[in-house]
Engineer: 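Take this structure first; my questions come after.
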Amino acid sequence: MINYPELKRNLEKRGYKASVFSVKEEAANYLQEKIVKRNIAFGGSMTLQQLGLYEKLKEKNAVLWHWHQTTAVLPLAQQADVYMSSVNGLSYNGEWVNIDGTGNRVAALIYGPKEVYLVVGRNKIAPDLDSALDRAKNIAAPLNAKRLNADTPCAVKGDRCYDCDSPGRICRVTAIFDYKPNGIEHYEFVIIDEDLGY
Ligand code: SF4
């Protein structure tokens, strides 16, 4: 059982805002009401897709997402007003982890748009930083490799990381966020008590 008030406090101590929702529809409505007339960029995320956020937010905003456009839009994402993503692992203490292949997502999350929202399902929450790293490496990355049909040993079953040397390796940058990066003004976790993404 996750103690959400305590998780929220732990994130707030590290400089983030945090909002907690029971179901994804409530979280999607919250973001749709809050973000209007902005330029928004999306990092690759199954969670954002499951919330239908691209479709919802594009009604009243300009939204860039290379999943719906082309990778040519990637550099433009750094100049957006708002960046949205998920995480690969969030520790109960408030540290979190993302693993990237290109690095565009972690770059934007460290020093890019001035407003960031991270949408996180309960399955991403781990007891501590080591377990958050382990889930990012051995759960999130292999399942992403499988989804992308990558030419890597983990993509066959999506079962675990084999620490491959494959040219198709999707894990090339592992970012650990200890506290809110100073250059980003509004950094908010939108936490949902449902399993979302991987
Ligand atoms: S390092 Fe290689 S085997 Fe491990 S998860 Fe990444 S792509 Fe898969």
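Given the structure is predicted, the values throughout are model-derived calculations rather than measurements. Atoms within a ligand are numbered from 1 in the order they appear, just like the ligands themselves.
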Engineer: Give every donor-acceptor pair under 3.5 Å between a side-chain atom in residues 185-198 and any protein atom, sequence neighbours left out.
Structural biologist:
unit_1, atom_1, unit_2, atom_2, d
His186, NE2, Glu188, OE1, 2.8
Tyr187, OH, Leu109, O, 2.6
Glu188, OE1, Lys34, NZ, 3.4
Glu188, OE2, Ser19, OG, 2.6
Glu188, OE2, Tyr30, OH, 2.6
Asp193, OD1, Tyr4, OH, 2.7
Glu194, OE1, Lys24, N, 2.6
Asp195, OD1, Arg122, NE, 3.0
Tyr198, OH, Arg147, NE, 3.3

Engineer: How long is the span from the NZ atom in Lys137 to the CD1 atom in Ile139, to the nearest 0.5 Å?
Structural biologist: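 CD1 of Ile139 is found 13.5 Å from NZ of Lys137.
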Engineer: Between the side chains of Asp163 and Arg169, is the shortest nitrogen-to-carboxylate-oxygen separation below 4.0 Å, so that they form an ion pair?
Structural biologist: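 Asp163 and Arg169: salt-bridged.
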Engineer: For Tyr162 and Asp165, which I'm curious about, is there any donor-acceptor pair between the side chains at under 3.5 Å?
Structural biologist: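 Distance-only check fails for Tyr162 and Asp165.
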Engineer: Taking atom 6 (Fe) of ligand 1 as the center, what protein N, O or S atoms are found at less than 2.8 Å?
Structural biologist: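 Less than 2.8 Å away from atom 6 (Fe) of ligand 1 sit Cys171 SG.
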Engineer: Please work out whether the ring planes of Phe42 and Trp65 are parallel, tilted or perpendicular, with thresholds of 30° and 60°.
Structural biologist: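 Geometry flag for Trp65 against Phe42: tilted rings.
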Engineer: Compute whether any side-chain donor of one residue and acceptor of the other, for Ser131 and Asp134, lie under 3.5 angstrom apart.
Structural biologist: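 There is no such pair (donor and acceptor under 3.5 Å, judged by atom type) between the side chains of Ser131 and Asp134.
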